Amino acid sequence: SNCNIVVYVFDVTNKDSLKSLNDWMMTVSGENQSKVQGIIIGNKIDQEERRAISYEEANNIAGVNGFQYFEMSTMRGQNVEAPFQQLAANFYQSYQDKISTTKNLIA
C-alpha cells in the first residue's frame with residue numbers, strides 16, 4: 001500500500017525502539033513506489049536520567065533518511081504541536097508543487 005505521509009515515533013529511553021524505527025523505515029520505503037514525506041519524533045524527553053539515545057544520534061539518523069527530527073514529551077505536553085505543524089506545512093507545499101507541475105503540463 002502507498003502512503004503520502006509517515007510519522008515515526010520512538011522512545012529516547014529505549015535503544016530497541018530505535019532499532020525498530022529502522023525496521024519500520026525499511027518496511028515503509030519498500031512498500032511505497034515514491035519517496036514518502038515524514039518526520040521522526042523522539043518521545044519521553046522528560047525522562048532525561050533514563051535517556052539512551054542522544055539528540056545528535058537521532059537527528060543524524062533522521063537526516064540520513066531524509067526526515068526532520070523533533071523531540072517531545074507527551075507526558076508534559078512539551079513540543080507536541082510543532083512536529084505536526086511542520087509536517088502539515090511540508091505536505092501543503094508538496095501539494096502546491098504538484099498542482100503547479102500539473103498546470104504547467106496542461107498549459
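Computed from a prediction, not measured in an experiment: that's the story for all the values here.
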Engineer: Ignoring hydrogens, what is the shortest heavy-atom contact between N79 and A82? Give both atom names and the distance.
Structural biologist: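 Shortest heavy-atom contact: OD1-CB, 3.1 Å.
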
Engineer: Go through the structure and list residues passing ring pair (Phe, Tyr, Trp, His ring centres under 6.0 Å) with F70, not counting sequence neighbours.
Structural biologist: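 Checked F70 against ring pair (Phe, Tyr, Trp, His ring centres under 6.0 Å); zero matches.
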
Engineer: Do N43 side-chain atoms and T74 backbone N/O form a donor-acceptor pair below 3.5 Å?
Structural biologist: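 Side chain of N43 to backbone of T74: a pair is present.
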
Engineer: In Å, rounded to the nearest 0.5 Å, how long is the span from CD of Q47 to CG of D11?
Structural biologist: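 Answer rounded to 0.5 Å: 7.0 Å.
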
Engineer: State the CD-CD distance between Q68 and Q86, to the nearest 0.5 angstrom.
Structural biologist: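 Answer for the CD-CD pair, Q68 versus Q86, is 4.5 Å.
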
Engineer: State, yes or no, whether a side-chain contact exists between S73 and K44 at a heavy-atom distance under 4.5 Å.
Structural biologist: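 A side-chain contact under 4.5 Å is absent here.
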
Engineer: Is I40 reachable from V12 through a run of hydrophobic residues whose side-chain heavy atoms are each under 4.5 Å from the next?
Structural biologist: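 They do share one cluster, since a chain of ILVMFWY contacts under 4.5 Å joins V12 to I40.
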
Engineer: Got a second to check how far I53's CD1 is from I45's CD1, nearest 0.5 Å?
Structural biologist: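 One finds 13.0 Å between CD1 of I53 and CD1 of I45.
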
Engineer: Before you tell me yes or no, could you show the steps for S94 and Q37 under side chain to side chain contact (heavy atoms under 4.5 Å, CB included), namely the whole-Å CA-CA distance, both residues' side-chain angles and the distance that decides it to 0.1 Å?
Structural biologist: CA-CA 9 Å; S94 175; Q37 291 187 52; 2.9 Å; yes

Engineer: Salt-bridged, E57 to K15, with N to O below 4.0 Å?
Structural biologist: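 Looking at E57 and K15, the cut-off is met.
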
Engineer: Let me check something: do I5 and V28 share a hydrophobic cluster, defined by ILVMFWY side-chain heavy atoms less than 4.5 Å apart, either directly or through other members?
Structural biologist: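 Shared cluster, no.
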
Engineer: Mind checking whether V36 and V9 sit in one hydrophobic cluster, side chains of I, L, V, M, F, W, Y counted as touching below 4.5 Å?
Structural biologist: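 Cluster IDs for V36 and V9 differ.
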
Engineer: Under a plain distance cut-off of 3.5 Å, with no hydrogens placed, do D97 and Q93 share a side-chain donor-acceptor pair?
Structural biologist: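 Yes, a side-chain donor-acceptor pair sits under 3.5 Å.
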
Engineer: Kindly say whether M25 contributes a backbone atom to a donor-acceptor pair with the side chain of S29 at under 3.5 angstrom?
Structural biologist: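 Checking the backbone N and O of M25 against the side chain of S29, a donor-acceptor pair under 3.5 Å is found.
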
Engineer: Test side chain to side chain contact (heavy atoms under 4.5 Å, CB included) on W24 and F10 and set out the steps.
Structural biologist: CA-CA 11 Å; W24 277 109; F10 72 96; over 6 Å; no

Engineer: To the nearest 0.5 Å, what is the distance between CG on N104 and CD1 on I99?
Structural biologist: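 With rounding to 0.5 Å, CG (N104) is 12.0 Å from CD1 (I99).
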
Engineer: Counting only heavy atoms not in E81, do more than 12 sit closer than 6.0 Å to its CD atom?
Structural biologist: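 Not buried by this count: 12 neighbours or fewer within 6.0 Å.
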
Engineer: Would you say F84 and V6 are hydrophobically clustered, going by side-chain heavy atoms of ILVMFWY under 4.5 Å?
Structural biologist: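 Different hydrophobic clusters.
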
Engineer: CG/N14 to NZ/K19 distance, rounded to the nearest 0.5 angstrom?
Structural biologist: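 Between N14 CG and K19 NZ, I get 9.0 Å after rounding to 0.5 Å.
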
Engineer: I'd like to know if D46 pairs up with R76 as an ion pair, taking the criterion as any Lys NZ or Arg NE/NH1/NH2 lying under 4.0 Å from an Asp or Glu carboxylate oxygen.
Structural biologist: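 Judged by the 4.0 Å cut-off on N to carboxylate O distance, D46 and R76 do not form a salt bridge.
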
Engineer: Please round to the nearest 0.5 Å and tell me the distance separating atom CG of N22 and atom OG1 of T27.
Structural biologist: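 One finds 10.5 Å between CG of N22 and OG1 of T27.
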
Engineer: Over 60° means perpendicular and under 30° means parallel, so tell me whether Y8 and F67 are parallel, tilted or perpendicular.
Structural biologist: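 It falls in the perpendicular class, over 60°.
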
Engineer: Any donor and acceptor pair, going by atom type alone, linking the side chain of S20 with main-chain N or O of D16 inside 3.5 Å?
Structural biologist: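 Side chain of S20 to backbone of D16: a pair is present.
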
Engineer: Can any side-chain N or O of N60 pair as donor or acceptor with the backbone N or O of E56 at less than 3.5 Å?
Structural biologist: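 No, because the side chain of N60 does not come within donor-acceptor range (under 3.5 Å) of the backbone of E56.
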
